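Everything on this sheet refers to the single structure shown next.
For the numbers below, each heavy atom of this structure counts, side chains included, while hydrogens, waters and symmetry mates do not. Computed from a predicted model, the values in this text were never measured in an experiment.
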There are 2 protein chains.
Amino acid sequence: MALRHAVLAALLDEELSGYQVTKAFAAGVANFWHALPQQVYAELARLEKEGLVAGREVVQEARPNKRLFHVTGEGLAELESFASAAAKPSFLREDLLVQVQAADHLDTDVLIERLTERFAFAEAKAALFDEQLRTMRGGCDEAEFLLRGARVGPYLTCRRGRDFERANRDWCRDVVEVLRARREVRAES
Amino acid sequence: MALRHAVLAALLDEELSGYQVTKAFAAGVANFWHALPQQVYAELARLEKEGLVAGREVVQEARPNKRLFHVTGEGLAELESFASAAAKPSFLREDLLVQVQAADHLDTDVLIERLTERFAFAEAKAALFDEQLRTMRGGCDEAEFLLRGARVGPYLTCRRGRDFERANRDWCRDVVEVLRARREVRAES
DNA sequence: TAGCACATGTAAGTAGTTACATGATTGA
DNA sequence: TCAATCATGTAACTACTTACATGTGCTA
């Protein structure tokens, strides 16, 4: 049940509305967790009921009113105790990998199409993360920022997200190459 | 609902019992999917009922009897249609990343402990995958095997699994380094 | 004038986890 | 004799996904 902790972590550095948290989950938070808006709203309600976050109403004129949430002392304590327990390693669970596992029994063209789609997706996401990293660094060079920057947690998880997508991209490229080369070998014989 | 397809993919190259499939999910299949024994047995029952796999009873003397399953023509067709639909990209969902996201607000020692545990786990898993890759290649060198080997699907997914764990290992190492360096900087001032 | 961003959810269904059950054989 | 491996599940619970609901105001 780490969604609650992911929401808490997302709220640590700034006060956010439920809507903003869902936006964060679609963008930056995607580096370390993923959740749909419905889950986020439900979790925020639970966290508030348990006193781990507190919300305050903000009345707006041109837009619907909203509630801004922040992490309470109890919420921070909950995160501390979460971090002190062993993290369970996560596993890969990915459609595309299942498809490639079956590659020797499936149509090559179809697979290459999937891999090409995914290549483009990974490339785009990696570029997006790179931009976020540049923004977080500001003018600093990376080594300096990591040593003396105010908050490096989000930076480090974002870097993991970027490297994950880069690895996906490179893997897609390599697999396409292999499948094409094998097709030519088959055609020759 | 890709568990069914993961099970089908695992059964493509050899006839396996439910028990053996659960073992595969604990080891090699972990490269492209993850599931607990209960899920595997339930899924096999469903797949059999729908005619996507077929089982045959094998009577044993020294051990309990078992049922060996293989993929039927319909099962293969199901995999084909699965591969022809766009694969939904998966997302990172990992406790340790949540903990590092909150790093600036948590105790550094505790985090370094988590990262060190995970480093060792990733290292061990990467080594295991490397061994599996060597076994699959047999005597061949990699380029030759990828070009002319009989089945490259499992090899390619295993390589992704290995690279994923290597990336986890390297990230853990880098994060520990950053956290330690920052602690020293704080101590100086 | 149609669609998107803001803002917050409910309801129903599917998938995954945790806990438990059974019983034989083999190796330390 | 204690734990592990083989072999197969059931039951209860938690988490996640899909589909739907509501209403304003800004922008193309």
Side-chain angles (χ1 to χ4, degrees), chain A residues 1-7 15-27 29-30 33-50 53 55-69 82 85-95 98, chain B residues 1-8 15-27 29-30 32-50 53 55-69 82 85-95 98:
Chain A
M1 204 186 15
L3 171 58
R4 65 191 306 99
H5 303 113
V7 171
E15 232 182 359
L16 296 173
S17 68
Y19 185 78
Q20 286 174 302
V21 175
T22 70
K23 289 292 132 181
F25 268 82
V29 178
W33 203 262
H34 171 255
L36 298 166
Q38 303 90 307
Q39 280 176 278
V40 173
Y41 281 112
E43 197 60 54
L44 277 171
R46 244 173 286 158
L47 287 168
E48 192 179 24
K49 208 172 67 185
E50 295 174 36
V53 304
R56 61 183 183 89
E57 187 86 16
V58 174
V59 180
Q60 297 182 119
E61 307 246 304
R63 317 208 145 282
N65 294 347
K66 62 180 173 184
R67 310 196 57 221
L68 292 182
F69 293 94
F82 168 63
K88 58 173 73 166
S90 74
F91 301 96
L92 288 175
R93 234 178 213 166
E94 178 146 0
D95 287 0
V98 175
Chain B
M1 202 184 20
L3 170 58
R4 65 192 306 100
H5 303 112
V7 171
L8 288 170
E15 233 182 0
L16 296 174
S17 68
Y19 185 78
Q20 287 174 300
V21 176
T22 68
K23 289 291 131 182
F25 268 82
V29 178
F32 63 94
W33 204 262
H34 171 255
L36 298 166
Q38 302 92 306
Q39 281 176 278
V40 173
Y41 282 112
E43 197 60 53
L44 276 171
R46 244 173 286 158
L47 286 168
E48 192 179 24
K49 208 172 67 184
E50 294 173 37
V53 304
R56 62 183 183 88
E57 188 86 16
V58 174
V59 180
Q60 297 182 119
E61 308 246 304
R63 318 210 141 282
N65 294 347
K66 62 180 173 184
R67 310 197 56 223
L68 291 181
F69 293 95
F82 169 63
K88 58 174 72 169
S90 74
F91 301 95
L92 288 174
R93 234 176 212 168
E94 178 147 358
D95 288 0
V98 175

The criterion is side chain to side chain donor-acceptor pair (under 3.5 Å); which residues satisfy it with A:Arg46, sequence neighbours excluded? A:Glu43
Residues two or more places apart in sequence or in another chain: which of them pass side chain to side chain donor-acceptor pair (under 3.5 Å) with B:Thr22? none
Mind checking if A:Arg4 touches a base, just sugar-phosphate, or nothing, with heavy atoms under 4.0 Å? nothing
Which whole-number value in Å describes the distance from [X] [atom1] to [N] [atom2]?
X	N	atom1	atom2	value
B:Tyr41	C:dA19	OH	C1'	17 Å
A:Glu43	C:dT10	CD	P	14 Å
B:His5	C:dA15	NE2	P	10 Å
A:Leu36	C:dA15	CG	C1'	14 Å
A:Leu16	C:dC6	CG	P	13 Å
B:Gln38	C:dT18	CD	C1'	8 Å

Minimum heavy-atom separation for [X] and [Y], please, with both atom names.
X	Y	result
B:Ser17	B:Leu68	N-CD2, 3.4 Å
B:Phe25	B:Ala6	CZ-CB, 4.0 Å
B:Leu47	B:Arg4	CD2-NH2, 3.8 Å

Going by side-chain contact (heavy atoms from CB on, under 4.5 Å), name the residues that satisfy it together with [X], two or more places apart in sequence or in a different chain.
X	answer
A:Pro89	B:Arg118, B:Phe121
B:Leu36	B:Gln38, B:Gln39
B:Ala2	A:Asp95, B:His5, B:Trp33, B:Phe82

Could you work out, with ring-ring contact (aromatic ring centres under 6.0 Å, His included) as the rule, every residue matching B:Tyr19, not counting sequence neighbours? none
List in chain and number order the residues that pass ring-ring contact (aromatic ring centres under 6.0 Å, His included) with B:Phe91, two or more places apart in sequence or in another chain; answer none if no residue qualifies. A:His34
Closest to the side chain of A:Ser17, out of C:dT18, C:dT10, C:dT8, is C:dT8
Nucleic acid contacts - residues 59-67 of chain B versus DNA chain D, non-hydrogen atoms under 4.0 Å: B:Gln60, B:Arg63, B:Pro64, B:Asn65, B:Lys66, B:Arg67
When A:Leu3 and B:Thr22 are each assigned the nearest nucleotide of DNA chain D, the 5'-most assignment goes to B:Thr22
On DNA chain D, does the nearest nucleotide to A:Arg46 precede the nearest nucleotide to B:Phe69 from the 5' side, or the other way round? Give the residue. B:Phe69
Please name all residues satisfying salt bridge (Lys or Arg N to Asp or Glu O under 4.0 Å) with A:Glu57, sequence neighbours left out, ordered by chain then number. A:Arg67
Taking 5' to 3' order, which nucleotide of DNA chain D is first and which is last to have an atom within less than 4.0 Å of a heavy atom in chain A? D:dA15 to D:dG25
Quick one: the side chain of B:Gln39 and the base of C:dT17, do they pair up donor-acceptor inside 3.5 Å? no
Looking at five pairs on each end of the helix from C:dT1-D:dA28 to C:dA28-D:dT1, what is the angle between the two axes, given to 10 degrees? 50°
